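The structure under discussion appears below in the form of structure tokens.
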Number of protein chains: 2
Amino acid sequence: MSRVVRNSLPVSLRHGILGLLASRPLSGYDLTREFDLTLGHVWSAGHSQIYPELGRLAAEGLIEPFDSGPRGRKRYAATKAGRAEVLRWLREDDPGRELRVESLLQGFFYWMLEPAEQIALIARERARHASKLAGYEALATGDIDWMANAEQHAQRIMLEAGIRYERGLVEWADWAAAEVGRGAEVRS
Amino acid sequence: MSRVVRNSLPVSLRHGILGLLASRPLSGYDLTREFDLTLGHVWSAGHSQIYPELGRLAAEGLIEPFDSGPRGRKRYAATKAGRAEVLRWLREDDPGRELRVESLLQGFFYWMLEPAEQIALIARERARHASKLAGYEALATGDIDWMANAEQHAQRIMLEAGIRYERGLVEWADWAAAEVGRGAEVRS
DNA sequence: ACAGGCATGTAAGTCGTTACATGATTAG
DNA sequence: CTAATCATGTAACGACTTACATGCCTGT
């Protein structure tokens with residue numbers, strides 16, 4: 001009997017899926033789209049990760065088949081145990097895992113380049129964040145009725161996190177470009 | 001001949017290591033500490049990932065042993081090819097990989113709980129970010145001479161990214177808590 | 001008819017975490 | 001002398017990405 005106790009803590013993917021299925025039935029394809037569009041700015045997942053996980057969740061009794069549709073479409077819904085697990089996760093699992101922002105990692109090494117080139121790279125980074133910010137803001141001020149229900153409202157609240165985070169980084173990029181100029185001057 | 005071309009793009013870890021070794025010789029232990037303390041707020045890595053990667057980088061001629069010290073300490077330095085690779089990475093590889101913030105993922109599902117509990121969880125999240133922010137600000141205003149050289153200055157610039165990002169999330173948490181209250185009122 | 005999007009899955013390989021394992025040096 | 005910290009590594013497992021593979025509907 002080498003039965004291992006199983007996932008002690010991390011595994012965000014399964015809880016992301018479970019959380020979405022707790023409110024309404026969705027197919028693997030739907031979930032993929034949801035991760036891409038909605039949860040995407042804090043956690044991403046591709047379909048090749050989602051389909052196997054649906055299988056595991058079903059095997060564990062946390063979700064169950066709900067119905068079928070055209071083109072082999074299969075929707076799943078959270079079971080009672082699945083919904084309970086989402087609540088347990090929210091209440092008990094304090095994730096706290098580190099942040100990962102690959103593009104900012106490069107910033108630590110910009111100093112190896114000439115100031116002009118550094119400033120150009122910072123501008124590229126600014127553009128990346130400004131573009132995301134614009135997208136989020138357009139969504140926020142679009143024609144969605146964010147107060148329609150609690151779930152919709154939660155999405156609006158999380159969208160605001162993205163807006164503030166991206167706005168912070170756009171402002172940072174402007175500050176950083178000026179700062180690189182200042183540094184070059186001081187040391188010249 | 002099934003010689004695969006190798007890593008086309010991602011692989012941030014190797015470039016993080018290479019970037020650090022491009023400025024000065026460091027041991028695996030030093031690198032682990034550096035990832036933990038300095039690069040940590042945008043990219044993390046444990047020693048069990050670093051030691052094998054040092055072996056691979058050495059095998060590829062991007063780094064080489066520099067010297068040895070007590071307790072088996074081995075320092076490596078970037079070779080000419082290694083330094084060139086860092087510059088190529090900065091100039092050509094536009095990372096753009098998605099952001100990952102596990103703790104914010106939970107926010108999408110808070111609506112399943114009572115408003116009072118939601119607000120408590122948001123407070124926990126606020127505390128997490130406020131504490132990080134305080135740490136970063138203390139560092140920034142501490143007694144480090146950030147203008148001492150270009151590398152030091154780059155670290156100050158990246159520290160500012162962390163400060164602005166965490167500040168944005170602290171402010172977000174305050175906004176979110178108020179917003180949850182407002183939502184509960186509207187729908188009651 | 002055919003293009004585009006819907007829809008599901010598998011395989012191979014890399015990345016990342018946790019746990020295991022060991023030992024040397026230094027400060028108190 | 002003994003605890004803390006320095007220091008390096010491996011193993012097992014789980015997470016994630018990219019590529020492969022297939023086929024069905026619907027709108028034009």
Side-chain angles (χ1 to χ4, degrees), chain A residues 2-17 25-37 39-40 42-60 65-76 95-100 102 105, chain B residues 2-17 25-37 39-40 42-60 65-76 95-100 102 105:
Chain A
S2 64
R3 204 145 186 49
V4 178
V5 181
R6 265 203 71 78
N7 309 317
S8 44
L9 267 183
V11 208
S12 291
L13 174 65
R14 70 190 296 112
H15 290 109
I17 292 174
L26 294 165
S27 66
Y29 190 86
D30 295 333
L31 287 163
T32 304
R33 224 159 70 278
E34 206 67 32
F35 268 95
D36 193 38
L37 301 176
L39 306 185
V42 299
W43 199 268
S44 66
H47 76 276
S48 65
Q49 227 183 322
I50 289 171
Y51 288 114
E53 189 65 35
L54 283 172
R56 284 189 290 268
L57 286 165
E60 290 171 41
F66 180 80
D67 65 7
S68 307
R71 282 169 288 210
R73 174 186 172 87
K74 275 183 289 184
R75 288 200 299 173
Y76 292 89
R97 216 206 286 184
E98 290 315 320
L99 179 68
R100 229 142 236 252
E102 196 170 3
L105 179 61
Chain B
S2 65
R3 205 144 186 47
V4 178
V5 182
R6 265 204 69 80
N7 310 316
S8 45
L9 267 183
V11 209
S12 292
L13 174 65
R14 70 189 298 113
H15 290 109
I17 292 174
L26 294 166
S27 67
Y29 190 86
D30 295 332
L31 286 163
T32 304
R33 224 158 71 278
E34 206 68 30
F35 268 95
D36 193 39
L37 300 176
L39 306 186
V42 298
W43 200 268
S44 65
H47 77 277
S48 66
Q49 230 184 319
I50 289 171
Y51 288 114
E53 189 65 36
L54 284 171
R56 284 189 290 269
L57 286 166
E60 290 172 42
F66 181 79
D67 65 7
S68 307
R71 280 166 292 209
R73 174 185 172 89
K74 277 184 286 184
R75 288 200 299 172
Y76 292 88
R97 218 206 283 186
E98 290 315 323
L99 180 69
R100 229 142 236 253
E102 197 169 4
L105 178 62

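Chain identifiers are assigned alphabetically (A, B, ...) following the order of the sequence lines, protein sequences preceding nucleic acid strands; residue numbering begins at 1 within each chain. Since this is a predicted model, take the numbers as computed values, not measurements.
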- Leu31(B) CG to dA7(D) C1': how many Å, rounded? 13 Å
- Query: Just how far, in rounded Å, is P of dT14(C) from CZ of Arg56(B)?
  - Reply: 9 Å
- Lys74(A) NZ - dC24(D) P separation (whole Å): 15 Å
- Would you please confirm or rule out a distance under 4.0 Å between OP1 or OP2 of dT25(C) and any side-chain N or O of Arg71(B)? no
- Message: Just N and O in the side chain of Gln49(B): are any of them under 4.0 Å from OP1 or OP2 of dC15(C)?
- Response: no
- Are the charged groups of Arg75(A) and Asp30(A) less than 4.0 angstrom apart, N to O? no
- Query: Can any side-chain N or O of Ser44(A) pair as donor or acceptor with the backbone N or O of Gly40(A) at less than 3.5 Å?
  - Reply: no
- Note on the structure: Smallest heavy-atom separation, Tyr29(B) atom then Tyr51(B) atom, equals N-OH, 3.4 Å
- Rounding to a whole Å, what distance do you find between His47(A):NE2 and dA19(D):C1'? 10 Å
- Task: Identify the two heavy atoms, one from Phe35(B) and one from Trp43(B), that lie closest to each other, and give their separation to 0.1 Å.
- Result: CD2-O, 3.7 Å
- Could you walk me through whether Leu26(B) and Ile17(B) pass side-chain contact (heavy atoms from CB on, under 4.5 Å), step by step? CA-CA 9 Å; Leu26(B) 294 166; Ile17(B) 292 174; over 6 Å; no
- Gap between atoms CD1 and P, on Ile50(B) and dG9(D) respectively (whole Å): 12 Å
- Rounded to the nearest angstrom, tell me the gap between atom OH in Tyr51(A) and atom P in dT10(C). 11 Å
- Query: In whole angstroms, how far is the C1' atom of dT17(D) from the CG atom of Leu13(A)?
  - Reply: 13 Å
- Message: Would you say Ser44(A) places a side-chain N or O within less than 4.0 Å of OP1 or OP2 belonging to dC16(D)?
- Response: no
- Note on the structure: Nearest-nucleotide check on DNA chain D, Asp30(B) vs Pro52(B); residue mapping nearer the 5' end is Asp30(B)
- Message: Among dG16(C), dG9(C), dA7(D), which nucleotide has an atom closest to any side-chain atom of Trp43(B)?
- Response: dG16(C)
- Side chain of Arg100(B) (C-beta onward), nearest among dG9(C), dA24(C), dC16(D): dC16(D)
- Message: Using OP1 and OP2 only, check whether a side-chain N or O of Ser48(B) sits under 4.0 Å from dT10(D).
- Response: no
- Query: What is the distance, rounded to the nearest whole Å, between atom CG of Leu105(B) and atom C1' of dC16(D)?
  - Reply: 15 Å
- Message: Quick check on DNA chain C: between Pro70(B) and Ser27(A), whose nearest nucleotide comes earlier from the 5' end?
- Response: Ser27(A)
- Task: Look at Tyr29(B) and dC6(D) and indicate whether a side-chain polar atom (N or O) is within less than 4.0 Å of OP1 or OP2.
- Result: yes
